[in-house]
Q: 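Below is one structure. I have some questions about it.
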Amino acid sequence: MPDIRLKAILLICALGVISLFTWLISSANTALLIFSIGLLLYLISHIIWLHKLHLWFKNPELTAVPEGSGLWEDVFTALLQYERNNQRNQTQLNSALERFSLATSAMPDGLVILGVSNEIEWCTPNAESQLGLNLSTDKNLPIVNLIRESHFIAYLYNGDYDEPFKLKSWRNTEIVLEIQLIPFANNQKLLICRDMTQLEKVEVMRRDFIANVSHELRTPLTVVGGFLETLSDMEGAVPESLKTYFAMMEEQTIRMRRIIEDLLTLSTIESNISEPDDSEIDMHSLLKSVQNDAIGLSQGLNKIKHQIHLEADATLNLNGAQEELRSAFSNLVSNAIRYTPNGGEIFISWTLQGEQPVFSVRDTGIGIEQKHIERLTERFYRVDRSRSRETGGTGLGLSIVKHILIRHQAKLEISSEIGVGSTFSAVFPKARVVRKSVPN
Ligand code: ADP
């Protein structure tokens, strides 16, 4: 404020000039007295204005800003201007916040903002009703104190928020919620919660329909298959000219039975919302038996058609459902055999990558074009229909694998190059690792 400084200097200079003039016409003592009295009055006036400023700060009302005089007039005018701007900004901020709050309340999804220690900082009314929270009493409480569901706690601490997470409301088991966490800023999280009850009902109806149809078809097909087999086995029952048709009928019946079995397996896994039975699996012996089955599958008329290698970390075990995982691993290995021409190699491995245990199957087979990779786990998606059919495929294998892995919080990663081969890897969370000591 250069003008304020200038005013103060001018005032003191004027006092100095008056004192000098007094000295000239009177005496030095009188001049000094006038100068001192002037300075004292000047100081007292500042103290009075400072006191008024202090009083105003105690109750900073816009209408109560003192008017001031002299130097202080400028100070109080600037203060008034500052306070006006401040109030205008505050009003704008409040109305923006109000509009934001109205917009978030109108959203069908619930929103919760979590702080660095996962404490509730703020949430919308929808989140309050969906998650049973009460912002006024639950603010600053850790969310795990209020949502005690073990899957939710695991999802929160796992740190992998790519996929949303389904949660059955513990207050009303009819309600299914989908929860997605989105990290932002410095270790804060936005929790989005969506009511999926209606969609889930439709999904359950779809699953039940497929399961019922498959179930209904299984019995008649078993009967047809049985009769075809009996007729084929009976000497002279099938005329020579019809034998090829009979063989085709038998082959197609077996194929349909395989599809129905896979559909039933898939719907059982999909509808099984209970946790997989978590017991320690001796991975080395499980994979040895998967390798032996693979050798059997690769067996031609008189020789094994593929070289099948196994490299498994004998100190690394896994917590999970053994039969489900055997089925997933066998599916991946049998695909590798079916899509690898004779003479090719299959490498099965079980290792720790970083902290995560990984089961992977690499083959030197036909490979898959990049554009197909992300759709491979869809039901009945095949790159080459005829090859899948010729090798006894149902188009459901990778769907089954995906669902088994989801149940174990694992991910399926696929990389492939046409003519070079493919690698299918099941990446498990580190929480499933069991380290065992190997006797020397
Ligand atoms: P299918 O019974 O047809 O093999 P899957 O669900 O197991 O069905 O696999 C889906 C498709 O993925 C297959 O039809 C095939 O085109 C492709 N596929 C799976 N594994 C491999 C592999 N190891 N090499 C090349 N293609 C593969």
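One-based numbering, in listed order, for ligands and for the atoms of each. All figures in this text were calculated on a predicted structure; none of them were measured in a lab.
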Q: Give me the atom names and distance for the closest heavy-atom approach of Pro183 to Leu181.
A: CD-O, 4.0 Å
Q: Ring-plane angle category for Phe329 and Phe428, please: parallel below 30°, perpendicular beyond 60°, tilted otherwise.
A: perpendicular
Q: Just to be sure I'm reading this right: ignoring hydrogens, which of Gly392, Ser388, Gly393, Ser416 gets closest to atom 3 (O) of ligand 1? Compare them by their nearest heavy atoms.
A: Ser388
Q: Starting from atom 26 (N) of ligand 1, find the nearest protein heavy-atom neighbour and note its residue, name and distance.
A: Ile368 CG1, 3.3 Å
Q: Could you tell me the residue and atom name of the protein heavy atom closest to atom 19 (C) of ligand 1, and the distance to it rounded to 0.1 Å?
A: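 It is Asn335 ND2, 3.5 Å.
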Q: If the cut-off is 4.0 Å to any non-hydrogen atom of Arg338, which atoms of ligand 1 fall inside it?
A: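 Contacts of ligand 1 toward Arg338, numbered from 1: 1 (P), 2 (O), 4 (O).
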Q: Give the atoms of ligand 1, by number and element, whose distance to some non-hydrogen atom of Gly397 is under 4.0 Å.
A: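 Near Gly397, the atoms of ligand 1 are 5 (P), 6 (O), 7 (O).
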Q: Can we say Glu149 and Lys168 salt-bridge, meaning some charged N sits less than 4.0 Å from an Asp/Glu carboxylate O?
A: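 No.
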Q: Suppose I only count heavy atoms of Arg382 and a 4.0 Å limit; which atoms of ligand 1 are within that range?
A: 3 (O), 14 (O)
Q: For Gly110 and Thr124, work out which heavy atoms get closest and say how close.
A: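 Closest approach of Gly110 to Thr124, heavy atoms only: CA-OG1, 3.7 Å.
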Q: Could you check atom 23 (N) of ligand 1 against the protein and tell me its nearest heavy-atom contact, residue, atom and distance included?
A: Asp363 OD2, 2.9 Å
Q: Can a donor-acceptor pair be found, under 3.5 Å and without considering hydrogens, that links the side chain of Thr253 to the backbone of Gly225?
A: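 Not confirmed, Thr253 side chain does not pair with Gly225 backbone.
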Q: What atoms in ligand 1 come closer than 4.0 Å to a heavy atom of Ala336?
A: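 Every atom of ligand 1 under 4.0 Å from some heavy atom of Ala336: 23 (N).
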Q: Within the 4.0 Å heavy-atom shell around Thr394, which atoms of ligand 1 are there?
A: 2 (O)
Q: How close does the nearest protein non-hydrogen atom get to atom 13 (C) of ligand 1, and which residue and atom is it?
A: Tyr339 OH, 3.3 Å
Q: Are any side-chain N or O atoms of Gln291 and backbone N or O atoms of Ile308, one a donor and one an acceptor, separated by less than 3.5 Å?
A: yes
Q: What part of Tyr381, side chain, backbone, both or neither, has a heavy atom within less than 4.0 angstrom of ligand 1?
A: backbone
Q: If you have a sec, work out which protein heavy atom is nearest atom 16 (O) of ligand 1 and how many Å separate them, to one decimal?
A: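 Looking at atom 16 (O) of ligand 1, the protein heavy atom closest to it is Val383 N, 3.1 Å.
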Q: Determine whether the side chain, the backbone, both or neither of Asn331 has a heavy atom under 4.0 Å from any heavy atom of ligand 1.
A: neither
Q: At a 4.0 Å cut-off, with the gap strictly under it, does some heavy atom of His372 reach an atom of ligand 1?
A: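 Heavy atoms of His372 never come under 4.0 Å of ligand 1.
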Q: Pick whichever of Leu398, Asp384, Thr391 has a heavy atom sitting closest to atom 5 (P) of ligand 1.
A: Leu398
Q: Can Thr394 and Asp262 be counted as having a side-chain donor-acceptor contact under 3.5 angstrom?
A: yes
Q: Assert yes or no for the condition that the ring centre distance of Tyr155 to Tyr161 is strictly below 6.0 Å.
A: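 Ring centroids of Tyr155 and Tyr161 are less than 6.0 Å from each other.
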Q: Nearest protein heavy atom to atom 12 (O) of ligand 1, by residue and atom, and its distance?
A: Leu376 CD2, 3.3 Å
Q: Which ligand 1 atoms are under 4.0 Å away from a heavy-atom of Gly395?
A: 1 (P), 2 (O), 3 (O), 6 (O), 8 (O)
Q: Are Arg407 and Glu324 close enough for a salt bridge, meaning some N to O gap below 4.0 Å?
A: yes
Q: Go through the side-chain N and O atoms of Gln409 and Arg432 and say whether any donor and acceptor fall under 3.5 Å apart.
A: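 Yes, Arg432 and Gln409 have a side-chain donor paired with an acceptor closer than 3.5 Å.
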